[in-house]
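Residue numbers run from 1 in the order of the sequence given. What you are looking at is a predicted structure, and each value in this text was computed from that prediction instead of being measured.
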Amino acid sequence: KRALLLNVIKDNMVKNASFIRSAMRDSDSETTHYAASATMQIYTKLRSTIQGLETQVQLDQSNGSMMIELLSAVSDYIESGVLTKRDRDFYCNKFSRVFEQLKLNDPSLLTSDSYLKQADYLFLSQDVHKSIEIAVEGRDRFDAEENHLKLLELLYKTGNQTKFDAAFEAFKHSGLTVSSKGLELIRFWNKRTT
């Protein structure tokens, strides 16, 4: 187990953060020590990357590609699982501010993934109304399966049956080629709504 963990750490700690976190629960104390040390390195490395990008963005606030890099770094930090709830909320808020600034400056740079994450992070921050607005914008802008499913997921969580039904009908009639995951969800939600 230790050798596997050390190989994972050498490969790409950030990419393998979830595996490293799972090693923290191992019964072997040396394995948990390696995992804890790697987790701190991930935390420090990602925070340092974000600070460097923030400095560059402050120096050139019109640099959209740098803002996209900052969004990606903040997202990596949030998704790494190394943050406390308080830190996660702070970085969700930071992601949202950068997203909104980019939306004002150069919305063409925002990807479908940016919209999906913004909707998720707003929802995590308890801004449900804004989260759903962003999910609708993402669906309308990209008309992709993931964007439809994100909107449906958020509406399902809020229990707004009327809006869910309308979004569900729009998804069923979108003409998109649906993945097996999408088909499973359609069947699941179809059973719930009939």
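- In this structure, Tyr156 and Phe164 have tilted ring planes: the angle between them lies in the 30° to 60° band.
- The neighbour count for Lys103 NZ, taken as heavy atoms of other residues, nucleotides or ligands under 6.0 Å away, is above 12.
- Checking Ser112 against Glu146 by side-chain atom types alone, no donor-acceptor pair falls below 3.5 Å.
- No side-chain N or O of Ser75 forms a donor-acceptor pair with one of Ser72 less than 3.5 Å apart.
- Within the model, atoms CZ of Arg141 and OG of Ser108 stand 7.0 Å from one another, a figure rounded to the nearest 0.5 Å.
- Of the inter-residue distances, the one linking Leu154 atom CG with Lys163 atom NZ reads 12.0 Å to the nearest 0.5 angstrom.
- Of the N and O atoms on the side chains of Thr162 and Asn160, not one donor lies less than 3.5 Å from an acceptor on the other residue.
- A donor-acceptor contact closer than 3.5 angstrom is absent between the side chains of Asp60 and Gln56.
- Distance alone, capped at 3.5 Å, places no donor-acceptor pair between the Ser48 side chain and the Lys45 backbone.
- The CG atom of Asp113 sits 12.0 Å away from the CD atom of Gln118 when rounded to the nearest 0.5 Å.
- With rounding to the nearest 0.5 Å, the separation of CG in Asn147 from OG in Ser174 is 11.0 Å.
- At most 12 non-hydrogen atoms from other residues, nucleotides or ligands lie less than 6.0 angstrom from NZ of Lys181.
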